[in-house]
Amino acid sequence: MKVTAVETIRLGEFPNVLWVQVHTDEGLIGLGETFMGAAAVEAYLHETAAPYLVGRDPLLIDLHARSLYGYIGFRSSGAEMRGNSAIDIALWDLLGQATGRPIHALLGGASRPAIRIYNTCAGYRYIRNRPVQKVDNWGLPAAGANGPYEDLDAFMNRADELALSLLEQGITGMKIWPLDPAAEASGGLYISRPDLERALEPFARIRRAVGDKMDVMLECHSLWNLPTAVRIAEAMKPYDPFWIEDPIKMDSLASLGEYKRRAGVPVTASETLSTRWGFRDLLEQQAVDVVMLDLSWVGGLSEAKKIAGMAEAWHLPVAPHDCTGPIVLAASVHLSINAPNALIQETVRAFYSSWYQELVTNLPPIERGMIRPPEGPGLGTRLLPDLVRRGDAIVRRTTAG
């Protein structure tokens, strides 16, 4: 089998999402996806990755991952790594199609038939318009809700009702980030006691409404300095958080290790790290209780599988991140079904119930708070065929010519 073309697709309606389709001379097409800065990733793919890949055997996945591990752009989750991640997912999809097996079977088989989910409480348009993680990009509706799952507005204003709604669906974990506005106001340097108590009121409402029936996570988006993050952790203790996620920037893992030693609550990190070498440093610092990785930023399924194995050697669980797109969700579920130390799978019910369904043929089924992979070889899902014909579609293709 040989690669005949590498095609990228992005839509004006979803400017942060980029899909990659790897075409072959046997008619099989592998599908990958990444998120954030889609135009920059597209440029990298057609300038560097696609010219390398066209004409080669797509099933030599580890060889291609190593060959695309560039002279620059290898230490971060920048455009090069996000592009390579999408390529890697597509190559695993091709391997599954070529062998007639689902990806989780090729990774080593299922460790479980399904895995528990938690709901990241975003709304329908969260972080859609620009590649920035900021309050003004939360996508809150100006006039009324876009549907029943405007969960970001709900956690800020009706967290008790939100928790009850999730439990009714069998979902027993939820992640919220009510401290972000205070972090942006001070640059992450300081939070007053009244502002801290106000920001933590959603946790109090959740506990009053559902007691200990809900596991609640605090997402910090790497916005705080070390002393303030420790202060926040101390204030969170009465609410028994399942974890506090990314309290500080992941540019000093020694500082994260110090945070974990001082915080006294479970810590998870980090969707923003990439490669097994980045996570080796995280593990050596003993900086987390739960290892979180994003398949579309970390280096793809190949790298995620290796990191999960490393975490297992440290007796730590992994929890794949997904607040991005439907292909990353499908790939993440395959990993979560395979990895013996997978703890829980992130989902966003606002995305899952709306725009994810407008893009792909199948989604991983969710039943009573559990998720399993789509059936079929490879990922078990495809882009809807009409996407490339949409008026807002930008399609580029690199071939041997």
Side-chain angles (χ1 to χ4, degrees), residues 111-123 126 149 151-152 154-156 158-180 199-221 229 232-247 259-260 263-271 288-294 308 311 315-323 329 332-333 335-337 339-352 364 366-372:
S111 296
R112 55 189 66 82
I115 191 166
R116 184 167 77 112
I117 64 170
Y118 69 91
N119 182 62
T120 284
C121 298
Y126 179 68
Y149 303 136
D151 289 345
L152 199 159
F155 84 66
M156 293 295 288
R158 303 173 302 281
D160 46 358
E161 296 177 14
L162 173 59
L164 289 166
S165 167
L166 291 167
L167 285 178
E168 288 175 0
Q169 296 181 355
I171 299 172
T172 56
M174 59 188 294
K175 185 163 74 181
I176 63 176
W177 45 102
L179 286 152
D180 282 22
L200 296 184
E201 177 60 24
F203 293 95
R205 290 188 177 190
I206 292 165
R207 288 289 177 240
R208 287 196 296 266
V210 303
D212 60 2
K213 296 177 182 178
M214 179 66 69
D215 288 324
V216 188
M217 301 90 159
L218 171 62
E219 164 72 85
C220 290
H221 289 132
I232 290 167
E234 185 67 30
M236 278 292 297
K237 288 179 182 178
Y239 306 112
D240 188 25
F242 192 72
W243 69 49
I244 293 180
E245 182 176 333
D246 286 5
Y259 171 82
K260 180 177 178 293
V265 297
V267 180
T268 190
S270 169
E271 68 204 51
V288 294
D289 298 282
V290 179
V291 175
M292 175 170 285
L293 44 79
D294 186 298
H315 303 282
L316 293 177
V318 294
H321 171 260
D322 176 63
C323 191
L329 175 61
S332 299
V333 174
L335 178 68
S336 289
I337 292 301
N341 57 329
L343 173 66
I344 196 168
Q345 174 63 53
E346 181 174 15
T347 60
V348 185
R349 68 174 180 175
F351 294 178
Y352 184 93
I366 295 176
E367 297 174 1
R368 301 305 300 165
M370 304 290 287
I371 194 167
R372 53 187 172 84

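Taking OG1 from T268 and CZ from F242, the interatomic distance works out to 9.5 Å, rounded to the nearest 0.5 Å. Here E271 contributes atom CD and E219 contributes atom CD; the two are 5.5 Å apart, rounded to the nearest 0.5 Å. Interatomic distance, E346 CD to C323 SG, rounded to the nearest 0.5 Å: 6.0 Å. Note that CZ of R207 is 7.0 Å distant from CG of D212, once rounded to the nearest 0.5 Å. Note that CG of L162 and SG of C121 are 4.5 Å apart. Values are rounded to the nearest 0.5 Å. One distance of note links CD of Q169 with CD of E367; it measures 13.0 Å at 0.5 Å rounding.
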Assess whether side chain to side chain contact (heavy atoms under 4.5 Å, CB included) is satisfied between I344 and V290, documenting all intermediate values. CA-CA 10 Å; I344 196 168; V290 179; over 6 Å; no
Apply side chain to side chain contact (heavy atoms under 4.5 Å, CB included) to V267 and I244, showing your working. CA-CA 5 Å; V267 180; I244 293 180; 5.6 Å; no
Carefully, step by step, assess L167 and T172 under the rule side chain to side chain contact (heavy atoms under 4.5 Å, CB included). CA-CA 6 Å; L167 285 178; T172 56; 4.1 Å; yes
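At least one side-chain heavy atom of F203 sits less than 4.5 Å from a side-chain heavy atom of P178. Contact annotation: the side chain of Y239 never approaches that of V216 to less than 4.5 Å [non-hydrogen atoms, C-beta and beyond]. Contact annotation: the side chain of L179 never approaches that of M236 to less than 4.5 Å [non-hydrogen atoms, C-beta and beyond]. The shortest side-chain heavy-atom distance between L316 and N341 does not fall under the 4.5 Å cut-off. Within the 4.5 Å cutoff, the side chain of I371 has heavy atoms near those of the L329 side chain. Put simply, the side chain of Y149 does not reach to within 4.5 Å of the side chain of Y352, judged on heavy atoms.
Looking at every heavy atom in both residues, Y259 comes nearest to A233 through OH-CB, 3.5 Å. The minimum heavy-atom distance between A308 and V318, with the atom names listed, is CA-CG1, 3.9 Å. Residues L335 and P320 come closest through the heavy atom pair CD2-CG, 4.2 Å. Residues M174 and L166 come closest through the heavy atom pair CB-CD1, 3.7 Å. Minimum interatomic distance between A122 and W177 (heavy atoms only, all atoms of both residues): N-CH2, 3.6 Å. Contact record, M214 with A163: CE-O, 3.7 Å, taken as the closest heavy-atom pair.
Sparse packing is recorded around NZ of K213, with 12 or fewer heavy atoms of other residues, nucleotides or ligands lying under 6.0 Å away.
Side-chain contact, R158 with S165: no donor N or O sits under 3.5 Å from an acceptor N or O.
In this structure, the side chain of R372 does not engage the main chain of R112 through any donor-acceptor pair within 3.5 Å. When atom types are taken as modelled, the side chain of D160 and the backbone of R205 share no donor-acceptor pair closer than 3.5 angstrom. Although no hydrogens or angles enter the test, the distance criterion places no donor-acceptor pair under 3.5 Å between the side chain of D322 and the main chain of T347. In this structure, the side chain of S336 does not engage the main chain of A342 through any donor-acceptor pair within 3.5 Å.
Note: Y118 and W243 have perpendicular aromatic rings, judged against thresholds of 30 and 60 degrees for the angle between ring planes.
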